[in-house]
Structure formats: structure tokens, C-alpha cells
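Just so it is clear, the model here is predicted, and its values are computed rather than measured. All chains are named by letter (A, B, ...) in the order of the sequence lines, taking the proteins before the strands, and each is independently numbered beginning at 1.
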Protein chains: 2
Amino acid sequence: MAVPQPLVLLIEDEPQMRRFLRAALDDGQYHLIEAPTAREGLAQAASRNPDIILMDLGLPDGDGLDLTRRIREWSNRPIIVLSARGMEVDKVAALDAGADDYLTKPFGVGELLARMRVALRHATLAASGKEEPEFLEGDLRVDLARRQVFVRSQEVHLTPLEYRLLQTLVHHAGKVVTHRHLLKEVWGINSIAQTHYLRVYMTQLRHKLEVDPTHPRLLLTEPGVGYRLKVSS
Amino acid sequence: MAVPQPLVLLIEDEPQMRRFLRAALDDGQYHLIEAPTAREGLAQAASRNPDIILMDLGLPDGDGLDLTRRIREWSNRPIIVLSARGMEVDKVAALDAGADDYLTKPFGVGELLARMRVALRHATLAASGKEEPEFLEGDLRVDLARRQVFVRSQEVHLTPLEYRLLQTLVHHAGKVVTHRHLLKEVWGINSIAQTHYLRVYMTQLRHKLEVDPTHPRLLLTEPGVGYRLKVSS
DNA sequence: GAAGATCCTTACGAAATCCTGATGCCAGCC
DNA sequence: GGCTGGCATCAGGATTTCGTAAGGATCTTC
């Protein structure tokens with residue numbers, strides 16, 4: 001049932017820590033790959049699709065919280081944060097950003113291994129959703145890891161809000177997403193009544209993604225309820 | 001999507017700790033039930049089926065590890081261990097026994113709440129992998145998750161009210177649903193006397209769903225009482 | 001500080017949906 | 001037969017919701 005030799009991605013800049021973890025993990029039980037920066041970590045996470053991610057919070061080229069959120073946009077593989085910061089606010093922020101566990105340095109190898117076993121246990125339990133970091137439908141392709149959108153292999157530029165709107169629709173592809181839910185996800189809880197935002201931005205999205213914006217084939221409206229991204233089924 | 005008010009089972013003998021957690025949790029966000037012994041904890045876990053379990057390791061009538069294993073025999077609801085023992089061997093033992101997280105006393109309320117959110121997130125994620133709830137009867141298929149209706153594999157478009165009406169009938173499929181109940185669910189408590197609405201919309205539904213709208217085979221009238229959605233039994 | 005991109009706001013025609021009243025049907029009863 | 005009450009049906013107007021374009025406000029970037 002369990003993965004034979006789980007692939008572990010370690011995102012950590014300190015060489016000393018990397019050496020330490022390499023000794024602890026790379027003994028045949030796990031296969032370890034390493035990334036010293038946030039940028040490279042994101043790229044590896046997308047290309048290798050590791051079974052579990054160990055991440056330092058203090059990376060040279062970016063915040064670990066952002067990286068966690070970025071990865072969570074398309075993957076729900078377990079993320080265990082390893083940090084020197086032991087403050088409660090740091091832990092809460094990381095866990096709420098999407099991390100599954102938080103270990104304060106210094107920690108024991110035994111505990112780390114035990115918590116990795118827990119994370120992998122969860123993963124195999126929820127193994128049903130083997131999600132692709134990509135959405136494909138008709139002429140549209142959305143690369144969730146790279147935040148890139150293509151129509152007939154041509155990249156299309158979306159503004160931040162347009163992308164967030166499309167992203168939440170992709171997240172629930174095929175299902176109807178209510179006005180409330182879209183507004184909450186994209187504009188925040190305070191704008192939950194501004195349904196006209198949706199109309200405006202849906203029009204813009206359709207102009208960028210649909211062949212014939214007046215007769216949408218992908219971004220469908222469900223009158224009185226919300227919108228839906230079509231999936232061929 | 002998330003459970004509205006998760007049921008939390010706290011298995012803990014110290015009254016002081018119970019009071020502390022009661023103050024932290026029982027504020028409307030969670031519904032808290034308590035058990036002071038392992039025996040009672042196991043009974044409550046079985047009878048109430050809580051969404052999450054918080055467990056002290058040092059219970060008067062038994063080891064928390066055993067209790068964890070006992071619960072894991074039939075349930076995989078998240079278990080968070082709260083313990084005064086901070087040794088690594090204790091953590092590893094508890095996590096390998098089936099616990100999902102381990103917090104060493106004293107801990108901050110914020111961290112506990114964050115870790116509970118993580119655990120509940122896992123639970124809803126695992127539950128989402130289940131098959132979609134569907135209603136099937138004759139030529140009719142109602143996909144409740146996607147809010148789509150098919151007749152002979154052809155999608156049929158329903159207006160919000162039509163769908164809500166069908167939805168409440170599906171919800172009580174096979175049973176008679178009274179006029180009052182339907183009106184309350186679909187049009188709201190204020191329109192409880194407008195039985196006329198029902199006739200109009202039932203007609204429209206039949207035209208969209210029935211092969212022969214004048215001789216309904218699915219949407220049956222129970223004269224003087226209400227309507228019933230037929231199920232083959 | 002200027003240029004450009006992005007976001008918010010507004011207004012109005014179009015479309016979908018909802019409500020309403022009129023009418024017909026049928027069974028049971030006087 | 002005629003009456004009554006509950007139900008089914010139809011169609012059009014009222015109401016709500018949606019799509020669209022355009023202009024001003026705000027933020028970014030150089």
C-alpha cells in the first residue's frame with residue numbers, strides 16, 4: 001500500500017542542515033532530492049512531484065510561507081516545515097498557509113521520521129485524488145504550478161484577479177461555484193455582495209479565453225447561482 | 001464544504017486542563033464533549049463519532065497509546081495527543097501508534113487551534129475523494145455535487161427554483177413531502193401558503209424531466225398531502 | 001513624477017427567471 | 001346535472017439577474 005521508496009524534496013539553504021538530513025534520510029528508505037532556494041524548490045516540486053516536502057522557512061530568495069501557498073495552489077502533498085523560529089505566531093502562520101506539520105530546530109531525527117511516517121500515512125489514505133498540476137479542456141491549458149495560461153498553445157496574459165478567478169474555477173472544475181464562494185476566494189470576505197465584480201471580470205476572462213466570447217463554451221454561467229468551468233465527461 | 005461546528009472529544013483527567021481547553025474551544029466554533037477516563041473516552045468515541053479527538057497520554061485507567069490503537073482499529077478520525085512527556089521516544093511511540101499530532105504541555109492555544117485546523121483539513125480532503133452523491137431513477141440522473149440534471153444522458157437546464165424543488169424531493173426520495181415542507185424549503189417560511197407556486201413549478205419540472213408530462217412516472221402527486229419522488233424498490 | 005497596467009464603478013440593453021391570473025380538467029358529492 | 005375543491009396548464013408582464021462598454025481611480029514600474 002505504502003510507496004516503496006518515497007521521494008523526499010528538501011528545500012533548505014544551509015549546507016550543514018542538508019548534510020545532516022541527507023545522513024538521516026538517504027539510507028535506502030527514502031530517495032532524497034534537494035533544492036537550496038525557493039525558486040528551485042517550486043520548480044522541483046512541480047517537475048518531480050515528490051511524495052513529501054521538507055522546507056526551511058528562512059530561504060535566501062523568498063519567504064517559505066509564500067512558497068507553501070504557491071505549492072498549495074495545485075498540490076496537496078504533505079509539507080513539513082523545519083524552522084529555527086519557535087514563536088507560536090510563526091507556527092500558526094505556516095500551518096494556516098498550508099503546511100501539515102512544523103518542527104522547531106533543533107529536533108530529533110526520530111521525531112522527524114515519525115512525523116514523516118504520519119504524513120505519508122495521510123497521503124496514502126487520501127491517495128484517491130492524484131491531481132495533475134495542469135488543467136486541460138478544449139483549447140485551454142492552465143499550468144497551475146507556473147501560473148501560465150495557454151489558448152491553442154499561445155500563452156495568454158491574465159491580470160492577478162483574472163488568474164485567481166480562473167484558478168478557483170479550475171479548482172472546482174465541472175462543479176458550479178456560487179457567486180458567494182467566488183467572491184470570497186478572489187476578492188475576500190468583505191466583498192461578498194459585489195456580484196457585479198464577477199460579471200465584469202467574467203466578461204474579461206471570456207474575451208481572453210473563449211473563441212466566441214458571446215457564446216461561451218468553457219466559462220458557463222448558471223443563472224442565479226454562479227459559474228462553472230466545463231469539463232468534458 | 002467544511003463541517004459547520006466540528007465535534008471535539010477531549011479525553012483528559014485533570015480538571016484544570018479541561019477547564020482551560022473548554023475556555024479555548026467551546027466558544028461556538030467547536031462543540032466540545034469530555035471524557036475523564038480511557039474507558040469513557042473509547043465509549044464516547046464510538047457512540048458520538050467525533051470529528052477530532054484530543055487525548056492526554058497519562059490517564060488514570062490506562063495508557064493513551066493503547067487507547068489510540070484501540071480507536072484506530074475502526075476509526076481514522078484525527079487524534080491529537082496532548083502530553084506532559086516531552087521525550088522523543090514518547091512522541092515517536094504515540095505517532096506510530098496512530099496519533100496524527102503530538103503537543104507537549106505547556107502549549108499555546110493558538111498552536112493547538114492551528115493544528116486542529118490542519119487535522120480537520122485533512123479529514124475533509126480525505127472525504128472529498130469519495131464518490132459523488134447521485135440520484136438515479138429510470139431516465140433521470142441528478143448529480144448533486146455538480147448541480148447537474150440529466151434525462152437519458154442529456155443534460156437538462158433547471159432554473160434555481162426548479163432545482164431547489166427537485167433537490168428537496170431527492171433529499172426525501174421515496175417519501176411524501178408535504179406542501180408546507182416544500183414551500184418552506186424552496187420559497188421560504190413567508191410563502192408557506194402559496195400552494196399555487198408548487199403546482200406551477202411542478203408542471204415545469206415534469207415538462208423538463210418526464211417522458212409524458214401528463215402521466216408522471218417520477219414526480220408523483222399525493223392528493224391533499226404533497227408530492228413524492230418515486231424510487232424503484 | 002510620468003506612463004502603463006490594473007482595478008473599481010457606473011449605466012443600460014438583453015436575457016433569464018419569477019410571479020400572477022385565467023382557464024380547463026377531473027373526481028366526489030349533493 | 002350542477003356544484004365544489006384540488007390540481008394542471010398556459011401565457012404574458014413584472015422583476016431580477018447578466019453582459020458589456022467606457023471612464024475614472026488607484027497602483028506599479030521605471
Handout entry: Working for salt bridge (Lys or Arg N to Asp or Glu O under 4.0 Å), residues A/Arg141 and A/Glu134
Key = CA-CA 7 Å; A/Arg141 179 162 72 87; A/Glu134 215 180 48; 3.1 Å; yes

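- By the side-chain hydrogen bond (donor to acceptor under 3.5 Å, both in side chains) test, B/Arg180 pairs with no residue at all, sequence neighbours left out.
- With sequence neighbours left out, A/His207 forms a side-chain hydrogen bond (donor to acceptor under 3.5 Å, both in side chains) with no residue at all.
- Of the possible donor and acceptor atoms, none in the side chain of B/Arg228 sits under 3.5 Å from a partner among the backbone N and O of B/Leu220.
- Under the rule for a salt bridge (Lys or Arg N to Asp or Glu O under 4.0 Å), the partners of A/Asp101 that lie at least two apart in sequence or sit in another chain are A/Arg115, B/Arg115.
- Here the rule is side chain to side chain contact (heavy atoms under 4.5 Å, CB included) with A/Arg77, and of A/Ile52, A/Asn49, A/Asp100 only A/Asn49 fits it.
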Handout entry: Where protein sits on nucleotides 6-24 of chain D, one letter per nucleotide: B base, S sugar-phosphate only, - none, heavy atoms under 4.0 Å
Key = SBBBB------SBBBB---

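- Note on residues 36-62 of chain A: no pairs pass ring-ring contact (aromatic ring centres under 6.0 Å, His included), not counting sequence neighbours.
- At a non-hydrogen distance threshold of 4.0 Å, nothing from residues 162-177 of chain B comes into contact with DNA chain D.
- Within residues 181-191 of chain A, no residue has any heavy atom closer than 4.0 Å to DNA chain D.
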Practice task
Go through the steps for A/Val92 and B/Leu113 under the test side chain to side chain contact (heavy atoms under 4.5 Å, CB included), then give the verdict.
Solution key: CA-CA 8 Å; A/Val92 173; B/Leu113 290 172; over 6 Å; no

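- Residue pairs meeting the side-chain hydrogen bond (donor to acceptor under 3.5 Å, both in side chains) criterion with at least one partner in residues 191-200 of chain A, sequence neighbours excluded, are absent.
- A salt bridge between A/Lys230 and B/Glu155 is absent, with no side-chain N of the basic residue lying under 4.0 Å from a carboxylate O of the acidic one.
- Rounded to the nearest 0.5 Å, atoms CG (B/Leu229) and CG (B/Leu209) are 9.0 Å apart.
- Of all nucleotides in DNA chain C, those with any atom nearer than 4.0 Å to a heavy atom of chain B start and finish, going 5' to 3', at C/dT17 to C/dA22.
- With sequence neighbours excluded, no residue satisfies ring-ring contact (aromatic ring centres under 6.0 Å, His included) with A/Tyr163.
- Relative orientation of the B/His172 and B/His181 rings is perpendicular, given thresholds of 30° and 60° on the angle between their planes.
- At a cut-off of 3.5 Å, with distance as the only test, a side-chain donor of B/Arg206 or B/Thr221 sits close to an acceptor on the other residue.
- Residues satisfying the ring-ring contact (aromatic ring centres under 6.0 Å, His included) criterion with B/Tyr227, sequence neighbours excluded, are B/His179.
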Under 3.5 Å, N/O pairs linking protein and nucleotides 26-30 of chain D:
none

